[in-house]
Structure formats: C-alpha cells, structure tokens
Amino acid sequence: MHVRGTVAGEVDVRSVSTSYGESDLAEVPLRPADDAPNGDAAATRGDGGTATIADGRETTTVTLWNKWTESAELLEPGMELLVTNAKEEEYQGETQYATTGESYVVVEPSFLVSVTSIRNWVECPRLYYLNKLSGVPLNYPVVKGTLVHEVFGDLLRGRDLEEAIDARVEERGLQLGLLGETADAVAEDVRENATAIEGWLQQGRLDEAEDVWRSEQLLISETFGIRGRADAVRRGAPVELKTGKNLKKEPRFKDKVQAACYALLLEEHGGDVDIGTLLYTKNSVLDRNEETGDLDPAKEFTMGEGLLKYVVRLRNEIAAKETSGDIPTGYEADAKCEYCFEQDTCMVVSGRLDQESKAGQIGQPLPDEELEYFDRFYRAIEEERREVHREYAKLWEQTAEERADDDRALIDLEFVEKRPLDEGRWELRARNTGGANSKLREGDLVLASDGDPVRGDSELARIERLDDEIVITADEPVEVTRLDVYPSELTTDRLLVAMHDALLKGNERRKDVLFGRADPEFAEIGEEFIDNNDRQNEAVTKAVGAEDCALIHGPPGTGKTYTIARAIRAMVERGERVLLSAFTNRAVDNALEALLEQLEDVIDEDRVVRVGSESGIRDDMEPYRLERAGDPDDRVEKLQNAQVVAATTSTCGSRVMKEQAFDVALVDEAAQLTEPGTCAAINLAERFVLVGDHEQLPPVVRAENDLTESLFERLVDRYPEAGVMLDRQYRMNQRIQVFASNEFYDGRLRPATPEVAARNLDDLDGVSRDALPENLRDPVSFVDVEGDRSQYTDSEEAARIAELVERYEAAGVERTDIGVIAPFRAQVSEISTHVPDDVAVDTVDRFQGSSQEVIIVSFTATGSLEGPIFEDYRRINVALTRPKRALVLVGDSQALATDPVYERMLEWARG
DNA sequence: TCTCTGCGGAGAGGA
C-alpha cells in the first residue's frame with residue numbers, strides 16, 4: 001500500500017542492530033492525507049491504491065530504512081511525504097508503517113522535478129542552480145545538439161534524412177545567423193552526427209521486425225514527482241541520444257541517471273524496464289576503442305533497482321532544497337571543480353552574491369541592499385514557480401469536470417480523425433460538442449490526451465484551430481478527447497534570469513539609480529516636439545533627454561500612446577536604436593501601430609521589426625514580424641538592421657533578444673509589470689523610459705509577494721522629478737471624469753478641450769438623449785438593483801443590464817458602441833447570455849486599455865462588498881474611465897455604501 | 001474559485 005501525508009514533527013534518525021547486522025532507520029511522524037487525491041487515482045493504481053488510514057487525522061509513524069534515511073534527513077515538519085509499497089505494522093496497539101524492499105520514498109511528491117534538473121544536479125547541485133539563475137546562453141554546441149535531436153525524431157517518424165536536415169536547419173535560421181554559422185556548414189555538421197544514428201537504426205530494423213518506436217514522449221509521474229521528455233522509447237525502454245563521443249565502455253554516469261529517470265517515468269506508464277540505451281552520435285569505426293573494441297554508437301546498460309532508487313533520492317534532494325529555499329553549495333555532490341566548465345561562473349556568482357561554494361569565490365559581494373533585493377525577489381519568483389507546480393499537480397488531483405469548470409481543460413471532445421503530415425507529424429481533429437469555453441487559445445501548447453493527461457495516452461500538441469472543430473498537431477497520433485493547459489515555467493525562469501542579469505551584469509550607474517544611490521540625470525533639449533500639450537511635450541523632452549531613465553505617468557485617455565510614438569520618433573531621428581516593449585502583445589501592437597504612423601517618412605519600414613510568435617501578434621502587424629526560419633545571414637541581417645524592435649517583455653528574455661543591444665528601451669503599461677519583468681526589457685538598453693499608470697491595475701501574480709509592486713511605481717515615488725504626469729484627457733465627458741480625477745489623481749486630471757468636456761450621446765449620428773428614459777440622460781447614472789445575493793453572479797443585475805442595452809439601442813446607439821464591465825468572469829458569462837453578441841462584455845482587467853461610447857458597470861455585490869476584488873480601488877478607476885459619453889453603474893446601493901470610496905462614488909453617480 | 005498574459009514544451013553540450 002502507499003502511505004501519504006504531512007510530516008508532523010521532528011524526524012528521528014539512528015542506527016539499530018538487527019538480525020541482518022547494523023541498519024539505519026528514520027522514524028517520521030506523519031499525519032496521513034485525509035484521502036486519496038481523488039477516487040479515480042486510487043482505483044487505477046495497480047496495487048490497490050493509497051492507504052486511507054482508519055482515523056484520518058491522527059499522527060502515525062512511518063519508518064524509513066537504510067538508504068531512505070538520506071531522504072528522511074531532508075524532511076522538515078509540514079513537508080509532504082509518499083512511501084510506496086509500505087507495510088503495515090501493529091506496535092503497542094497503534095498502526096504504523098515501514099518501507100519494504102519494494103518501497104520508494106518521495107519527498108514533496110507534487111513538486112514535479114524535470115529530468116534535466118536531476119541530470120544537472122547529479123553532476124553538481126551548483127550547476128543546477130547556476131543553470132536556473134543565469135540560463136543557458138545561445139551557443140553553437142547546444143543549437144547543434146538540438147538540431148541532431150530533432151533530426152533523430154524525424155528519422156524515427158519516417159522522414160527522409162536529407163529533407164529533415166534541410167528543414168530543421170532552415171527553421172533555426174535566426175539563431176544560426178546570430179552564431180555566425182552558414183546553413184551548409186551546419187547541415188554538414190548535423191549530417192555527420194545523424195548518419196551514425198541512421199545506420200544504427202537500419203541495423204535495428206533488419207534485426208527486429210517488430211521494433212516498436214515512439215519519439216519524444218512527454219512523461220509525467222505523479223508518484224515519483226518527475227517529468228520529462230524521452231528522446232525515444234524502443235519496445236518500452238528509454239533511448240537517450242547524445243551528440244558527441246564516448247569511447248569508454250560504460251555510458252557516462254549522468255547519462256545513465258537521465259535514462260533511469262525515463263525508466264521510472266515509463267514504469268508508471270505501465271512499462272517494466274531494466275534496459276537503457278545511450279546513443280553517442282560521434283562514436284564510429286574510426287574511433288575503435290583499443291581496450292573494448294567497441295564501435296557501436298549505442299551502449300546498452302542494465303538499470304538495477306539500486307540506480308532507480310538513487311535517482312529518486314536525488315530527486316528528493318532537489319524537491320527538499322526548493323521547498324526550503326536554500327542555495328546549494330556544491331559540497332552536496334562529488335563534483336571536481338577543476339574539470340567544470342562553469343567553474344568561473346560559479347565563483348563569480350558565489351563571490352558577488354556572497355554564497356558558499358566548493359569552487360570558491362571571486363570578487364567583492366554586492367552591497368547589502370542589492371543582496372537583500374536578490375534574496376527577496378528570488379524567493380518571490382520561486383514562490384511563483386511553486387504555483388506553476390501546483391498547476392501540474394492539478395492535472396491528476398482534479399477530476400476532468402473540475403478542470404473544465406476551472407477553464408483549464410476542454411473535455412468530452414469527440415475524436416474525428418488523424419492525418420499524417422509530410423514531416424512525419426500528425427494533424428488531429430476533434431469536435432467540441434458541448435461548445436464549452438476554456439482559457440486555451442489558438443497557438444497554445446497543450447496536453448492532448450485520450451481523456452487522462454497523466455496516466456493515459458497523451459502528447460504535447462499545438463492548437464492550430466479552435467472552433468467547434470478543433471485542429472491540433474502533434475508528434476504522435478493520439479485519439480484526442482481532452483485538451484489541458486500545459487503549465488510552463490518559462491516565465492518564472494526568465495524572470496529569474498532577468499533579475500540575475502540586472503544585478504550581476506548591469507552597469508553600476510544603472511544600479512545606483514535603481515537602488516536610490518544616484519538621482520537620474522537629464523540632458524538639455526531645446527526642441528519642441530508637441531505644440532498643443534505642454535505635459536506631453538515635457539514628457540517627450542524628458543524621454544529624449546534622459547541619461548538614465550524617465551517616467552511618464554499617463555492616466556486614462558491622456559494620449560500616452562501618441563506621446564510614446566512621438567518620443568520614439570525623436571530618438572530614431574537622433575540615430576538611436578530603440579526597443580519598444582510591454583507586458584502584453586496587445587499593448588505592444590497598439591504602441592507599434594501609433595509608432596508606425598510617426599515613422600512613416602523617417603525610416604524605411606523594414607527597419608522596424610516585431611519579434612514574437614505568430615499567434616501572439618495582431619494580424620495587421622504580421623508584415624513586421626521577424627520570421628525565425630530562413631537563411632541565417634538573411635535572418636540576422638533583418639534583425640541587426642532594425643532600428644526599432646518591438647517585443648513583449650517575456651520575449652525580451654529570450655535567448656535571441658538577449659543578444660541584442662539598444663540605446664533606449666521604452667516600456668509601455670509598465671505599472672502592470674513586476675520588477676524582474678521590467679528588467680528583462682531594460683537590461684537590453686543603455687537608458688530606459690517607463691510609461692504607465694500605477695492608479696490602474698497592478699501586475700498579475702499568483703502568489704502574494706514582493707512582485708505586486710511595479711518598478712514604475714517604485715521609481716515614481718522615489719524620483720518624482722524624473723516623471724511627468726500627463727494631465728489632459730481626450731476621452732471622457734467632464735462629468736464622467738470628475739470622480740476618477742478627484743479620487744485617484746488629486747483633481748489634476750482635466751479635459752483636454754471644451755469639446756471633450758462637453759461630449760455626450762447627442763454627438764453620435766442618429767442618437768438622441770431625449771429618446772432615453774430620464775434617469776439615463778445624464779452622462780453618469782446609477783441604477784439600484786437589490787440583487788440575487790449569489791456570490792460571483794447576479795442574474796437580476798444581468799437582466800437589468802439587458803434592458804439598459806435595449807434602451808440605448810432604442811435611442812439610436814450602435815451595439816458596437818456599448819460595453820459592459822463586470823468584476824467576475826462568472827458574471828461576464830451570465831451577462832453575455834442576456835445581451836446581443838456584438839455588445840462587448842468583459843472583466844475590468846480585460847477592458848483596461850480600451851474605451852467605448854457607453855459603458856455599463858455591473859458591481860455584482862449584494863449585502864456587503866466582501867472579497868479582494870473590491871479592495872483594490874484601482875479596479876474601479878479602470879472601470880469608471882472607459883466611457884466617452886455615458887456611464888451607467890448598476891448595483892446594490894446598500895452594499896456599495898458600506899465602503900467609503902464606493903459610497904463617494906455613489907454620491908457622485910447620483911449627481 | 002478574484003482578477004490572468006506570456007512563453008520555442010524540455011533539453012540541447014562543452015572534456
């Protein structure tokens with residue numbers, strides 16, 4: 001049976017004499033989990049499922065024997081523990097448990113450690129840490145290795161060798177170009193490695209008629225807490241490809257460990273594996289090993305239980321280290337620093353961050369405030385990472401229905417067909433019969449499965465089309481009936497690297513400014529850029545003249561996008577190379593659109609490049625998108641030649657963008673970015689300009705932590721003189737603007753012109769306010785609805801809103817000029833069923849950045865204003881500043897009056 | 001269950 005629970009106290013480790021001699025044991029006080037994660041999980045396990053211990057609350061004792069005491073030493077109270085194949089023992093009337101010869105002990109099993117992490121860790125825990133902290137830079141051996149692996153996968157799927165090489169090299173044109181490689185030379189290099197594999201494969205095919213292969217299988221183990229992607233699986237056993245030479249008789253130890261990880265993963269998927277194969281591509285007859293006579297690129301080895309258990313213990317070390325937040329030192333393993341490629345990096349990082357390491361330290365530690373900063377943000381980012389891990393755990397902890405309710409999965413799809421594609425991949429089609437929604441979008445990477453993403457047949461796939469019929473592409477033909485969001489650590493990885501680069505690679509002057517040690521400086525600029533708006537002109541002047549940074553505070557409707565575009569034009573005219581960035585693709589494209597207008601006669605169109613994925617970029621910006629595939633020289637020239645590059649901050653952290661350098665980085669919607677997120681963009685430039693509004697929505701983070709305040713806000717507070725607030729708005733009727741101006745901008749926000757101040761619905765073609773009921777004729781009105789008292793929806797408000805929409809339509813307002821805003825997604829869908837399709841209904845968060853003629857706000861609160869969503873007043877600011885000509889607030893006045901800010905809002909709305 | 005966008009998935013290798 002499996003025993004699972006929470007460590008409930010101190011672990012006692014000691015040696016005892018047994019009939020077999022001296023043995024180590026650890027006694028772990030454990031509070032068993034109430035139940036198996038869910039009924040399904042327990043029922044599908046071969047051994048009869050997780051133990052449900054009689055009294056689910058009481059603490060019991062689990063004894064871990066011999067080598068498992070190593071994992072026991074890692075345990076801290078509160079950690080989760082899983083022991084498989086445990087035996088039950090009665091001791092002094094109490095039921096206790098102990099490991100058996102078949103047992104595995106898993107620390108924090110829901111923390112899914114990747115196979116790469118384990119492979120790095122076994123070499124040196126420090127290597128694992130450095131890889132996480134500073135990323136793997138763009139270098140040729142790595143890119144070549146990736147190419148050889150891709151071609152290997154292609155060969156397994158039956159693709160022609162030459163065709164595969166050409167196609168794969170072409171796909172990586174941009175990266176190869178940045179490395180200064182030519183397509184022919186790379187193709188030759190890849191061919192040399194791939195030919196050995198092809199020969200070996202053919203030999204195998206002749207020997208074994210039923211050689212069953214599967215390429216690049218994604219595997220997740222809920223028992224061992226490991227995930228990874230096997231290069232290939234042959235007759236149920238892992239095959240691991242290595243680009244390079246190994247003339248020794250045995251595979252390298254870390255390669256064995258890697259293969260053993262896959263063996264464990266395959267075991268959980270019904271395999272029973274004790275053979276692993278390593279393919280060293282450069283081994284050939286020419287390199288015949290004198291001693292062994294070995295010429296085959298393939299080395300087979302037997303994986304004993306000892307190795308598999310060792311791998312789980314390694315994995316436990318990582319899980320425990322990540323849970324505690326400690327930094328590895330390198331003493332944890334037998335690594336020899338003098339042979340390590342990362343020795344210098346290791347010494348520099350430990351020197352600068354004042355960490356203990358086996359390699360020793362180089363250089364002086366960073367100042368205390370920087371060390372404190374690193375520590376704070378490292379913890380915050382790692383907390384975000386744990387949230388991603390929790391997302392993984394939900395793949396097996398939640399039922400399909402719960403996942404679907406969470407919008408994390410599309411379930412009960414009807415499989416339609418599979419069609420082989422030329423490259424050996426597959427196109428799969430399924431019908432979404434229920435027409436259900438999810439957060440999945442076209443272009444997303446998903447787990448496509450036959451209904452069970454973890455234990456069933458599942459593949460990593462890409463969504464090509466998402467209508468009633470769903471089209472996805474994948475390496476293997478899964479009979480897909482379910483799609484799950486695939487949780488990715490990419491964002492957290494990049495945040496960590498961005499912070500590392502800012503502190504360890506950033507120049508000193510920049511850090512002086514970021515840490516409040518030096519005030520930002522500005523050069524004199526004599527030019528006038530904008531002649532009809534002093535603040536906008538001042539903002540451009542500051543942006544252009546900034547020697548360190550400038551901050552532009554742009555409240556709703558104040559022409560922030562235009563100001564950015566004008567500033568960038570001025571920079572381009574001065575011959576500078578500019579990076580334009582923002583958190584979302586939408587914000588980047590909006591800013592780029594305005595910029596293109598400004599740049600029309602200033603530079604050639606092909607000197608403006610948009611970097612990002614095809615699915616993320618708006619269709620009309622597609623002509624500017626930098627295609628990654630192509631001839632290396634051509635691709636790299638296109639990028640290097642660009643004077644303006646636009647990309648999301650996340651893309652700024654990619655390996656390609658990290659190679660780029662700019663004079664200025666301009667970051668829009670900067671108040672929605674975390675500090676490390678902002679760093680990803682500004683790391684690439686000498687100077688930076690942040691544009692945003694910290695009175696609107698803050699960054700979205702999963703965990704409560706230091707990431708919630710933006711760098712923009714912090715710098716605006718620290719250096720008010722480096723900032724300019726745009727104060728004239730071009731959007732709202734004056735009556736609409738009053739509340740937000742007083743409440744959020746000290747009354748400083750005002751209409752840009754008398755026309756703006758006076759705008760109302762009568763200005764619109766075919767609209768007459770007289771046709772509206774009297775209570776809606778004023779630009780701001782309040783409709784009191786008692787509400788249905790449910791928590792995240794309100795059908796009465798929804799019904800009333802449908803009526804209001806009809807009234808405005810009757811008065812001549814176009815449906816497309818009306819927007820409805822609600823705090824909760826549940827209420828958004830409730831309202832959507834009541835109003836016509838062409839009325840935009842969305843959450844506050846998604847309305848930020850846009851505006852409408854008429855806005856109706858549903859507060860969805862009865863009785864009281866409980867819940868975090870109402871506590872953040874910035875959300876009301878966003879909601880109330882979307883309309884141009886009319887705003888209607890719909891809600892329960894009694895509930896709203898319980899909060900002073902909402903009460904003032906009520907007074908204002910009632911006129 | 002409060003809001004939710006990004007990502008070239010993980011792993012690729014150098015002696």
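Labels below follow one simple rule: chain letters A, B, ... track the order of the sequence lines, proteins then strands, and each chain is numbered from 1.
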Does any donor atom in the side chain of [X] or [Y] lie under 3.5 Å from an acceptor atom in the other side chain?
| X | Y | answer |
| --- | --- | --- |
| Thr492(A) | Glu489(A) | no |
| Asp899(A) | Tyr873(A) | yes |
| Ser858(A) | Glu797(A) | yes |

First and last nt of DNA chain B near chain A, cut-off under 4.0 Å to heavy atoms, 5' to 3', are dT1(B) to dA15(B)
Hits for side chain to side chain contact (heavy atoms under 4.5 Å, CB included) against Gln672(A), two or more places apart or cross-chain, chain-then-number order -> Glu669(A), Gln848(A)
Hits for side chain to side chain contact (heavy atoms under 4.5 Å, CB included) against Ala498(A), two or more places apart or cross-chain, chain-then-number order -> Cys679(A), Ala680(A), Asn683(A)
Checklist entry - Given the C1' atoms of dA12(B) and dG8(B), what is the spacing between them in whole Å? => result 12 Å
Worksheet entry | Within-4.5 Å side-chain heavy-atom neighbours: Glu476(A) and Asp457(A) | no
Counting C-beta onward and ignoring hydrogens, is there a side-chain heavy-atom pair between Val311(A) and Phe224(A) closer than 4.5 Å? no
How would you label the contact of [X] with the nucleic acid (heavy atoms, under 4.0 Å): base, sugar-phosphate, or nothing?
| X | answer |
| --- | --- |
| Thr651(A) | sugar-phosphate |
| Glu240(A) | sugar-phosphate |
| Ser650(A) | sugar-phosphate |
| Lys242(A) | sugar-phosphate |
| Thr491(A) | base |
| Arg252(A) | base |
| Lys254(A) | base |
| Phe824(A) | sugar-phosphate |
| Asp872(A) | nothing |
| Val844(A) | nothing |
| Arg462(A) | nothing |
| Tyr392(A) | sugar-phosphate |
| Asp493(A) | nothing |
| Tyr486(A) | sugar-phosphate |

Residues passing the side chain to side chain donor-acceptor pair (under 3.5 Å) test with Thr116(A), sequence neighbours excluded, are none
Glu387(A) meets the side chain to side chain donor-acceptor pair (under 3.5 Å) criterion, sequence neighbours left out, with Arg390(A)
Of Asn139(A) and Arg846(A), the one whose nearest nucleotide on DNA chain B sits closer to the 5' end is Arg846(A)
Of Gln175(A) and Pro823(A), the one whose nearest nucleotide on DNA chain B sits closer to the 5' end is Pro823(A)
Intra- and inter-strand pairing of DNA chain B, written as dot-bracket with Watson-Crick and G-U pairs under 3.5 Å and | for the latter, reads ...............
message = Check Lys144(A) with Glu181(A), please: is the shortest side-chain N to carboxylate O separation under 4.0 Å?
response = no
